[in-house]
Amino acid sequence: MSESFEVEASTGSYSVQIESGAFERFLTEMPEALVIADAYFQPRFEALGRTAIFVEAHESIKSLDASPALIEEIRSRGAGRQTHLVAVGGGIVQDLSAFIASIYMRGLEWTYVPTTILAMADSCIGGKSSINVGRYKNLVGTFHPPLRVLIDPALAETLPVVDRAGGLVEAVKICFCRGAEAFDKYLACEPGTEMSTEALEKVVALSLRSKKWFIEIDEFDKNERLLLNFGHTFGHAIEGASHYAIPHGIAVGLGILCALEFERQAGVDYAGAPGVARLEAHLEKLIEAVPEVGAHLKGLDLKDVMERFDSDKKHRREVYTLILVNAAGTVELRQIAKNEDARARVESAMRAVIGRN
Ligand SMILES: NC(=O)c1ccc[n+]([C@@H]2O[C@H](COP(=O)([O-])OP(=O)(O)OC[C@H]3O[C@@H](n4cnc5c(N)ncnc54)[C@H](O)[C@@H]3O)[C@@H](O)[C@H]2O)c1
Ligand SMILES: [Zn+2]
């Protein structure tokens, strides 16, 4: 099976192609391109006789500090304005490559081959690059979509379970935000950390087609696209307070559970929205697939989690900006006055989710 579609962006449209087992063909179709690849794939490149600039996928390499060395490396390999860049890797390699492609000689065309479920089902479209500066994560960035996104879902077969679970959390988040039809189709693929490549291919296509709707209607994060931050304000607080021991995708899953609990505390009854219970059950399953999460949750300091929640840059002075689910099961952006009641609800939602083990 293979499928492809176009994503419209202000810089022009770009294509997305999904085909299991096509990785080697993707590379041979671009013999002249300069490749930046996750070092994990070095043996595979060597077996193909293909050179690349290999980078270790650590947060420290997608940083302003680490960029000059890579830019010099690219220059020393003779890259000019016409050079086509290819990035092979997960979100770290994507962010770094997109950033370099957007600034090198005022912009190079590039192709992205995502290799993690998170990157295949979510970050590969949307055009964003986010770069760390000092201790600040994702502080600076650009919009510079690739010319093509080439996805081989079979690459995900070697991914550790934690990355499989985390990637699926972002995929289900997108499908749930898109609405009941997309969410039902997602669950019909029987997604889980042990799913087949064939089923993953369907999930990736569904998630990207759902995300396509958000980014085409709101490319620069002003309205609808903000809904995709579902679970992220609660999640970032948990992720940060765990000092990143709880990885992003898992933290977002926990954050979605918090957002639902926050509304329940205000008396919202989800009995009329059966999708909510199905979402919760699915998230529980994904989180439980990563056994070490329980111990990391136990080690969390609730006060630290609350402080991080309060200082999220999406809030305003008087109000919390949150993505919540109403009683009909629809995701919406809400402004909640910062008062004692709201703080108490945040704390008790956090306590309910953090203390779940
Ligand atoms: N630009 C965006 O829109 C966007 C969106 C979401 C996240 N991000 C960023 O993405 C980063 C996280 O990316 P990620 O979760 O995709 O993973 P990653 O790039 O951090 O990679 C995770 C690990 O998996 C390994 N790996 C990659 N592909 C593999 C494969 N096929 N088999 C085995 N191992 C493999 C990597 O070497 C690394 O050790 C974060 O820095 C986050 O900020 C960016
Ligand atoms: Zn996320």
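Counting starts at 1 for both ligands and their atoms, following the listed order. Counting begins at 1 with the first residue of the sequence.
- Among the heteroatoms counted here (N, O or S) of Glu170, OE2 is the one nearest to the Zn ion (ligand 2).
- Nearest to atom 3 (O) of ligand 1 by heavy-atom distance, out of Ser123, Pro160, Ser129, Gly167, is Ser123.
- The protein heavy-atom contact nearest to atom 28 (N) of ligand 1 is Thr115 OG1, 2.8 Å.
- Residue Gly91 holds the heavy atom nearest to atom 10 (O) of ligand 1 of all those in Gly141, Gly91, Pro114.
- A salt bridge is absent between Lys338 and Asp310; no separation between the charged side-chain nitrogens and carboxylate oxygens falls under 4.0 Å.
- More than 12 heavy-atom neighbours from other residues, nucleotides or ligands sit within 6.0 angstrom of CD on Glu29.
- Taking 4.0 Å as the cut-off between side-chain N and carboxylate O, Glu8 and Lys212 do not count as a salt-bridged pair.
- Counting heavy atoms under 4.0 Å from ligand 1, residue Asp38 touches it through the side chain alone.
- Around atom 23 (C) of ligand 1, the closest heavy atom drawn from Asn132, Thr158, Asp163 belongs to Asp163.
- There is a path of hydrophobic side-chain contacts, each under 4.5 Å, that joins Ile53 to Tyr112.
- Ring orientation note: the planes of Tyr186 and His282 are nearly perpendicular, at an angle over 60° on the 30°/60° scale.
- Using modelled atom types, one finds a donor on one side chain and an acceptor on the other under 3.5 Å when comparing Thr111 with His84.
- A centroid separation of less than 6.0 Å is found between the aromatic rings of Phe309 and Tyr320.
- Among all protein heavy atoms, the one lying closest to atom 17 (O) of ligand 1 is Thr116 CG2, 3.7 Å.
- Of all the heavy atoms of Lys62, the ones lying under 4.0 Å from any atom of ligand 1 belong exclusively to the side chain.
- Within the 4.0 Å heavy-atom criterion, neither part of Glu157 lies near ligand 1.
- Proximity of Asn138 to ligand 1, defined as any heavy-atom pair under 4.0 Å, is confined to the side chain (atoms from C-beta onward).
- The side chain of Leu118, and not its backbone, has at least one atom closer than 4.0 Å to an atom of ligand 1 (non-hydrogen atoms only; side chain from C-beta on).
- The protein heavy-atom contact nearest to atom 38 (C) of ligand 1 is Ala57 CB, 3.8 Å.
- Of all heavy-atom pairs spanning Cys189 and Ala199, the tightest one is O-CB, 3.7 Å.
- Between Lys173 and Glu170 there is a salt bridge, with a side-chain nitrogen of the basic residue lying less than 4.0 Å from a carboxylate oxygen of the acidic one.
- The shell of residues lying under 4.0 angstrom from ligand 1, judged by heavy atoms, includes Lys137.
- Closest to atom 8 (N) of ligand 1 among all protein heavy atoms lies Asp95 OD2, 3.8 Å.
- For atom 35 (C) of ligand 1, the nearest non-hydrogen atom of the protein is Leu159 CD2, 3.6 Å.
- Using a 4.0 Å cut-off between heavy atoms, Phe99 makes no contact with ligand 1 at all.
- Taking the six-membered ring for Trp and the full ring otherwise, the centers of His248 and His232 sit less than 6.0 Å from each other.
- Across Leu228, Leu155, Ile117, Ile92, heavy-atom proximity to atom 20 (O) of ligand 1 is greatest for Ile92.
- In the vicinity of Glu59, heavy-atom distances shorter than 4.0 Å reach the ligand 1 atoms 40 (C), 41 (O).
- Both tests do not hold together for Arg50 against Phe45: distance to the six-membered ring centre under 6.0 Å, angle to the ring axis within 45°.
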